[in-house]
*Asks:* 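Before we start, here is the structure in question, set down as structure tokens.
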Amino acid sequence: ADVGVYDTACGAALELAKCFVHSSPLISAKWLALAQSFQHSHDTLRQSLSAMSQHSREAVYVRQLRFLKDSIGQCVKTDAYSKVHEVLAQDSVLYRNIQIPPNTHFKGNIVNFGSGVPASVMCLVIFHSPEHKHFYAALFNSAGDAVVTARARVDRVLLNSLLAALAQWDQERESACTTEGRQGVAYWESLEDRFQSVIVPQMLGLLGPLLDGQIMPVLLRDPGCSLVLLPSNPLHSLPLEAYPGLESLTSVSRDFSLHMLTQRYAWMTAQSAERFAIPTNLTYILDPFNENAQITATVDGRVPKGTAMTLTGATHRPSAGEWQRVLLNPAHMVFLFSGVGRLAGAVGLEQIAGLNVSHIRCGLLLDRGMNEAGSRRQSKQDLAVVEHKRILERPDRVANMFSCRGMGSMVINLYCNQIKTNNLIVNMLLGVMEK
């Protein structure tokens, strides 16, 4: 139950996964999922220090926990260490949510890990080993049907090349959004062609040796199933949903680990069965810099004015205090953000990284829309942000931050998008929630 030693626990769980790979594929798959869950929790605790306000009580205790762990060693516990661990477990939503219950893996209970996930949902763990030498994969469901495991060596040159190509492609999507007329349309179409001709083949070359031998054939036997992808870093940045063959499945989504996925189902079971009521349960922040009037108009066309808790840049730029008030309002189960540029450009992450948002069952975080005004503003903001802070502003990191603070589910843009496309998505999702 001690998050401070999850880096060691990750290695131990991975070794146990290797031990059971031939005698019991299901147990091997669950140990692999647990190793990835340990890794995610460990990385999240480390990254949270950079996102949280350094003067918050939670950040002080997390730093103290790390200091005591480094100074006394991983296997030795003092009264001071135990006290800090106890305070975090009691007061920190983040710490509680990334803690993996000991009964998950004690006394042979590992086979029950993830049992809260419906049997109709297939889970695909894709784990990048801590020493960066191998990819491990496991396909299973909670009932133990169609369990398949695989391992392949990491082509680090290809991985780095793919990540660089993807970052460049995303940057050029931003440029295409700010290019008007036929030239902009042609630019956007060329990027779509490059995605299909360069990005997808490179991803296939990287993960094909891992997935194509046994996992994909078993997965595609039942095209009516739902799949949840559980990748580890740095695979969160990849467009895994575009992997050839997955388009035939009923649905494809992703989460950060099997532990987080199990948590979400537990939160859903514990919360009221009341359906979303739009606009009663909706709160939203739109276009905080007032850079595109159509963003606000799209929601106003769906939600009558004065019926939902709203903040828009048309009246003023929302302050950090107003962001906190909107996110902390327990009466609203759906939070929508739609704007130009990154969400973190509208509010400092340290202002919202410590909030308990467990009452929000659905977060629609549709940032990354771009136009000329937003591009100029974001470029100026980026000049004042150090590189390791900018990494925390990536969509997957922001989604992880909200997930570990209790937000039930999320819709996000992994890459830069056209504002008109974001507006279509908002219109569609609000229409679905009204039913």
*Asks:* Between C225 and L249, is any pair of side-chain heavy atoms under 4.5 Å apart?
*Replies:*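 Yes, their side chains come closer than 4.5 Å.
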*Asks:* For the CG atom of L162 and the CG atom of L207, what is their distance to the nearest 0.5 Å?
*Replies:*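 Taking CG in L162 and CG in L207, the distance rounds to 8.0 Å.
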*Asks:* Evaluate S257 against L230 for side-chain contact (heavy atoms from CB on, under 4.5 Å), listing each step before the verdict.
*Replies:* CA-CA 5 Å; S257 69; L230 303 172; 5.8 Å; no
*Asks:* Between the side chains of R368 and E174, is the shortest nitrogen-to-carboxylate-oxygen separation below 4.0 Å, so that they form an ion pair?
*Replies:*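 Salt bridge flag = no for R368 with E174.
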*Asks:* Of all heavy-atom pairs between G208 and Y243, which one has the smallest distance, and what is that distance?
*Replies:*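 Where G208 meets Y243 most closely, the heavy atoms are CA-OH, 3.3 Å.
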*Asks:* So P209 and D155, do their side chains get closer than 4.5 Å, heavy atoms only?
*Replies:*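 D155 does not reach P209 side chain to side chain.
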*Asks:* Less than 3.5 Å apart, which donor and acceptor atoms pair up between the side chains of residues 216-223 and the rest of the protein, not counting sequence neighbours?
*Replies:*
unit_1 : atom_1 : unit_2 : atom_2 : d
D222   : OD1    : G224   : N      : 3.3

*Asks:* Looking at R342 and D367, would you say the former's side chain and the latter's main chain have a donor-acceptor pair under 3.5 Å?
*Replies:*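 Judged by distance alone, no pair lies under 3.5 Å.
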*Asks:* Measure the spacing between CZ of R405 and CG of L327 and express it to the nearest 0.5 Å.
*Replies:*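 Reported to 0.5 Å precision, the distance equals 12.0 Å.
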*Asks:* Test your reading of the model: is there a side-chain donor-acceptor pair from S28 to the backbone of A17, 3.5 Å cut-off?
*Replies:*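 Judged by distance alone, yes, a pair lies under 3.5 Å.
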*Asks:* Before you tell me yes or no, could you show the steps for L366 and N413 under side-chain contact (heavy atoms from CB on, under 4.5 Å), namely the whole-Å CA-CA distance, both residues' side-chain angles and the distance that decides it to 0.1 Å?
*Replies:* CA-CA 6 Å; L366 295 172; N413 282 324; 4.0 Å; yes
*Asks:* Test side-chain contact (heavy atoms from CB on, under 4.5 Å) on Q47 and N233; report intermediate values, then the result.
*Replies:* CA-CA 13 Å; Q47 294 162 7; N233 274 327; 4.1 Å; yes
*Asks:* Taking all non-hydrogen atoms of both residues, which atom of A33 and which atom of F113 are closest, and how far apart?
*Replies:*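 It is C-CE2, 3.8 Å.
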*Asks:* Quick one: OG on S403 to CG on L261, what's the gap to the nearest 0.5 Å?
*Replies:*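 The OG atom of S403 sits 10.5 Å away from the CG atom of L261.
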*Asks:* List the steps and the verdict of side-chain contact (heavy atoms from CB on, under 4.5 Å) for R66 and R46.
*Replies:* CA-CA 9 Å; R66 293 186 63 192; R46 176 172 50 83; 4.2 Å; yes
*Asks:* With a 4.5 Å cut-off on side-chain heavy atoms, are D287 and V340 touching?
*Replies:*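 When only atoms from C-beta onward are counted, D287 and V340 do touch, with a gap below 4.5 Å.
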*Asks:* Would a distance-only check, ignoring hydrogens and angles, find a side-chain to backbone donor-acceptor pair under 3.5 Å from T179 to Q183?
*Replies:*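 Checking the backbone N and O of Q183 against the side chain of T179, no donor-acceptor pair under 3.5 Å is found.
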*Asks:* Is there a donor-acceptor contact under 3.5 Å from the side chain of W188 to the main chain of C177?
*Replies:*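 Not at all, since once roles are kept as given, no pair shorter than 3.5 Å links the two residues.
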*Asks:* Does the pair H85 and Y95 meet the rule for a ring-ring contact (aromatic ring centres under 6.0 Å, His included), with working shown?
*Replies:* CA-CA 9 Å; H85 169 70; Y95 198 81; 5.6 Å; yes
*Asks:* Between the main-chain N or O of P101 and the side-chain N or O of T104, is there a donor-acceptor pair closer than 3.5 Å?
*Replies:*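 Pair found, side chain donor or acceptor close to backbone of P101.
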*Asks:* Count the heavy atoms belonging to other residues, nucleotides or ligands that lie under 6.0 Å from CZ of R156, then report whether that count exceeds 12.
*Replies:*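 No, because the 6.0 Å sphere around CZ of R156 holds 12 heavy atoms or fewer from other groups.
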*Asks:* Would a 4.5 Å heavy-atom cut-off, applied to side chains only, mark L159 and P234 as touching?
*Replies:*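 Yes - at least one pair of side-chain heavy atoms lies under 4.5 Å apart.
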*Asks:* Can we say E192 and R173 salt-bridge, meaning some charged N sits less than 4.0 Å from an Asp/Glu carboxylate O?
*Replies:*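 Yes, E192 and R173 are salt-bridged.
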*Asks:* Can you tell me if Y136 and Q36 form a side-chain donor-acceptor pair at under 3.5 Å?
*Replies:*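 Per modelled atom types, Y136 and Q36 side chains form no pair under 3.5 Å.
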*Asks:* Report yes if the side chains of P239 and L166 come closer than 4.5 Å at any heavy-atom pair, otherwise no.
*Replies:*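 The answer is yes; the side chains approach within 4.5 Å.
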*Asks:* Is it the case that the side chains of H236 and N400 hold a donor-acceptor pair, with the cut-off being a distance below 3.5 Å and no angle test?
*Replies:*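 Absent: no donor and acceptor within the cut-off.
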*Asks:* So, for A150 and L210, which heavy atoms are closest and what is the spacing to 0.1 Å?
*Replies:*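 Minimum heavy-atom contact is CB-O, 3.4 Å.
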*Asks:* Considering non-hydrogen atoms only, spot the tightest contact between P201 and Q196 and give its length.
*Replies:*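 Distance-wise, the nearest heavy atoms are CD-O, 3.2 Å.
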*Asks:* Could you give the distance from CD (Q202) to CG (L238), rounded to the nearest 0.5 Å?
*Replies:*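 The CG atom of L238 is 10.5 Å from CD of Q202, to the nearest 0.5 Å.
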*Asks:* Given 3.5 Å as the limit, does a donor-acceptor pair link the side chain of H259 with the main chain of Q99, or not?
*Replies:*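 At least one qualifying donor-acceptor pair exists.
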*Asks:* Decide yes or no for R264 and D255: does some side-chain heavy atom of the first lie under 4.5 Å from some side-chain heavy atom of the second?
*Replies:*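 Yes, side chains in contact.
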*Asks:* Could you pull out the closest heavy-atom pair between W323 and L311, with the gap in Å?
*Replies:*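 Shortest heavy-atom separation between W323 and L311 comes out as N-CD1, 4.4 Å.
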*Asks:* Can you tell me if S115 and S142 form a side-chain donor-acceptor pair at under 3.5 Å?
*Replies:*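 No.
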*Asks:* Is the shortest side-chain heavy-atom distance between F135 and H128 below 4.5 Å?
*Replies:*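 Result yes, sub-4.5 Å side-chain heavy-atom pair found.
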*Asks:* Report the distance from atom CG of L34 to atom CZ of F127, rounding to the nearest 0.5 Å.
*Replies:*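 Taking CG in L34 and CZ in F127, the distance rounds to 10.0 Å.
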*Asks:* Between CD of Q263 and OG of S37, what distance do you get to the nearest 0.5 Å?
*Replies:*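 Nearest 0.5 Å value for the CD-OG distance: 10.0 Å.
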*Asks:* Fit a plane to each ring of H40 and F256, take the angle between them on a 0 to 90° scale, and name the class: parallel (under 30°), tilted (30 to 60°) or perpendicular (over 60°).
*Replies:*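 It falls in the parallel class, under 30°.
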*Asks:* Quick check: closest heavy atoms across A119 and N141, and the distance to 0.1 Å?
*Replies:*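 The pair with the smallest heavy-atom distance is O-ND2, 2.9 Å.
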*Asks:* Could you tell me whether a side-chain N or O of S379 sits under 3.5 Å from a main-chain N or O of S375, the two making a donor and an acceptor?
*Replies:*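 Between the backbone of S375 and the side chain of S379 there is a qualifying donor-acceptor contact (under 3.5 Å).
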*Asks:* Looking at V157, is its backbone amide N or carbonyl O close enough to the side chain of S161 to form a donor-acceptor pair, meaning the two atoms are under 3.5 Å apart?
*Replies:*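 Not confirmed, S161 side chain does not pair with V157 backbone.
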*Asks:* Check whether any side-chain heavy atom of Y187 sits under 4.5 Å from a side-chain heavy atom of E172, and report yes or no.
*Replies:*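 Yes, at least one pair of side-chain atoms sits under 4.5 Å.
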*Asks:* Tell me whether K389 is salt-bridged to E393, with the criterion being a basic N under 4.0 Å from an acidic carboxylate O.
*Replies:*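 Here K389 does not pair with E393 in a salt bridge, since their nearest N and O are not under 4.0 Å apart.
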*Asks:* Would you find a donor on one side and an acceptor on the other, under 3.5 Å apart, between the side chain of N103 and the backbone of N109?
*Replies:*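 Checking the backbone N and O of N109 against the side chain of N103, no donor-acceptor pair under 3.5 Å is found.
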*Asks:* Kindly say whether I100 contributes a backbone atom to a donor-acceptor pair with the side chain of Y6 at under 3.5 angstrom?
*Replies:*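 Yes: the side chain of Y6 pairs with the backbone of I100.
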